[in-house]
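All remarks here apply to the structure that follows.
Residues take their numbers from the sequence shown, with the count starting at 1.
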Amino acid sequence: MSYAALQVDPTVLAEGVNLLWVLVVTFLIFFMHAGFAMLEAGQVRSKNVANQLTKNLLTWSVGVTLFFLIGSGVSSLVGGSGFAPAFGASAANDYVGWLFGAVFAMTAATIVSGAVAGRAKLRAYITYTILLAAVIYPVVTGITWAGAYISFGGESFHDFAGGMIVHGMGGIAGLTAAYVLGPRMGRYNDDGSVNVIPGHSLTFAVLGTLVLAFGWYGFNVGTAATVFTVTEEGTLALGAFSTVGRVAMTTTIAMACGAIGAGLAAWAKTGKVDTLYVANGLLAGLVGITAIPDTTTWWGAFVVGGLAGAQLPVVFGFVEKRLKIDDVCAVFPVHGSAGVLGTLLFPFVATSSSVGSVVNAFIAQLIGVVAITAWTVVATAAVWFVLKAVGQARVTPEHEQEGLDVSEHGVETYPEFGSGDSVVADGGSVSESIRTDGGSNK
């Protein structure tokens, strides 16, 4: 008996493996929405949990639809390739690339919800999400990933996985929206002093942190989207996977050092190791490295992660006490300033083969940061100021005090412990409970 040699078309094999890899990491990035939902739900008051969960659900649902219909086309238009929306794909597998881009877009969108928690109207948030997914975020990707317009002295703006393009942009958008809305009731006293409004579940917040960290491997490592390429000789070679080990290593080290840096900074500041600072510091370390995991040295990952974590308590205190902006889930120090920091550190921690001129590379990074910041602030402020002007940005004081779960959704997240309807022990009729002020809850 004789056996013929197995013939494999390397082009077909490379395409199949690459598509499978992109789909797997895309699903991993999508799972980050579970992390965002838990992290944000844990950091808001119990009376606003359902509202925060609903915003996370609708961010994905509304945002991904608009990104499919309009946003992807706007990105390609700004990038110089003409208006090419996702629904105009010429081949079935072209949708894989769109979906990979969509999960990045929705990450930027959902960051904003944590900053405006507890007082933004649902319709206002959804309106902003529509515009972010359709125009605001696509313009950012259009001038960077799609168009690669930003450079200086032969050095191009470098953002491997969206440290500035996705996270920095989302954090800055969240801070801007929170500024326009104003702080939650009771956040500041008449003399300007700050009242702490703790979230209702530290457990949820830490669980969400770890889910996000798990999904982040898809975010960073997954950006090395091309596993195989086919050489001119018809043989297989590694594509972007030639640096995938470095990406995984720097992502892990920066994550760890972010938690350590935030914990040490909080300890130095208050004498206590604040759990929420440690959790958010871990995320800040991840954000800090996200723009540069493919080029950063091993020691650079320690530097970037540690600094990104250490700046968290400092920046949060500045935003809270100096700027008087109520950033509920600390989205700016976690995503905004950490994203800016990591992006600007690129030439200083990169391997020698990654940068020609340190000065020119830094200037290119600075131009990119300024351009993204300016566009995000102007576009976000315009939307929220218009909503505020027509009285549609913020819930009424009565609804805010009652809680957005009841006023916006008609539900209570924890009805057994609240003042809503209660069920008698024998399974009989449902009775309406009465609040202590004598008013009905219905």
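- Taking the six-membered ring where the residue is Trp, Y179 and F385 present perpendicular rings, their angle passing 60° and hence far from 30°.
- Between F27 and F31, the distance separating the two ring centers is not shorter than 6.0 angstrom.
- Annotation: side-chain contact (heavy atoms from CB on, under 4.5 Å) contacts of R45 (sequence neighbours excluded): K47, N48, I197.
- Ring geometry for F348 against F362 counts as tilted: the plane angle lies between 30° and 60°, on a 0 to 90° scale.
- Atom CE of M106 sits about 13.5 Å away from atom CE of M32, to the nearest 0.5 Å.
- T251 and N220 form a side-chain donor-acceptor contact under 3.5 Å, judged by distance and modelled atom types alone.
- Note: F68 and F87 have tilted aromatic rings, judged against thresholds of 30 and 60 degrees for the angle between ring planes.
- Ring orientation note: the planes of H167 and W216 are close to parallel, at an angle under 30° on the 30°/60° scale.
- Using a 4.5 Å heavy-atom cutoff, the side chains of E402 and H399 are in contact.
- The heavy-atom pair separating Y128 from A173 by the smallest distance is OH-CB, 3.3 Å.
- Salt bridge status for R394 with E400: present, with a side-chain N to carboxylate O gap under 4.0 Å.
- In this structure, A291 and T343 approach most closely via the heavy-atom pair CB-OG1, 3.7 Å.
- A distance-only check finds a donor-acceptor pair linking the side chain of T59 to the backbone of K55 [under 3.5 Å].
- With rounding to the nearest 0.5 Å, the separation of CG in L212 from CZ in F219 is 10.5 Å.
- With hydrogens and angles ignored, the 3.5 Å screen pairs no side-chain donor or acceptor of N18 with any backbone N or O of T226.
- Ring pair F204/H200 is perpendicular by interplanar angle, where above 60° counts as perpendicular and below 30° as parallel.
- A284 approaches A308 most closely through the heavy-atom pair O-CB, 3.3 Å.
- At most 12 non-hydrogen atoms from other residues, nucleotides or ligands lie less than 6.0 angstrom from CD of Q401.
- A donor and an acceptor atom, one from each side chain of T144 and Y149, are nowhere located under 3.5 Å apart.
- Residues M255 and Y217 are in side-chain contact: their nearest non-hydrogen atoms beyond the backbone lie under 4.5 Å apart.
- When all heavy atoms of V166 and I111 are compared, the pair lying nearest together is O-CD1, 4.3 Å.
- Between the Y188 side chain and the E320 main chain, a donor and an acceptor come within less than 3.5 Å of each other.
- No hydrogens or angles considered: nothing links the side chains of T351 and T295 as a donor-acceptor pair under 3.5 Å.
- Applying side-chain contact (heavy atoms from CB on, under 4.5 Å) to I292 and the options L344, V304, D159 leaves one that passes, V304.
- Using a 3.5 Å distance cut-off with no hydrogens or angles, the side chains of N56 and H33 do not pair a donor with an acceptor.
- Atom CG of L39 and atom CG of L207 lie 9.5 Å apart (nearest 0.5 Å).
- The neighbour count for K324 NZ, taken as heavy atoms of other residues, nucleotides or ligands under 6.0 Å away, is above 12.
- The backbone N or O of Y277 sits less than 3.5 Å from a side-chain atom of D274, completing a donor-acceptor pair.
- Proximity of V328 to V116: side-chain heavy atoms (C-beta onward) are nowhere separated by under 4.5 Å.
- Summarising the geometry of G281 relative to A262, their closest heavy-atom pair is CA-CB, 3.5 Å, with the distance given to 0.1 Å.
- What you find for A393 and L181 is that their closest heavy atoms are O-CD2, 3.5 Å.
- Here T275 pairs with L202, V206 under the side-chain contact (heavy atoms from CB on, under 4.5 Å) rule; sequence neighbours left out.
- Using the six-membered ring where Trp is involved, W98 and F67 have ring planes that are parallel, under 30° apart on the 30 and 60° scheme.
- For the side-chain contact (heavy atoms from CB on, under 4.5 Å) test, no residue two or more places apart in sequence or in another chain qualifies with V314.
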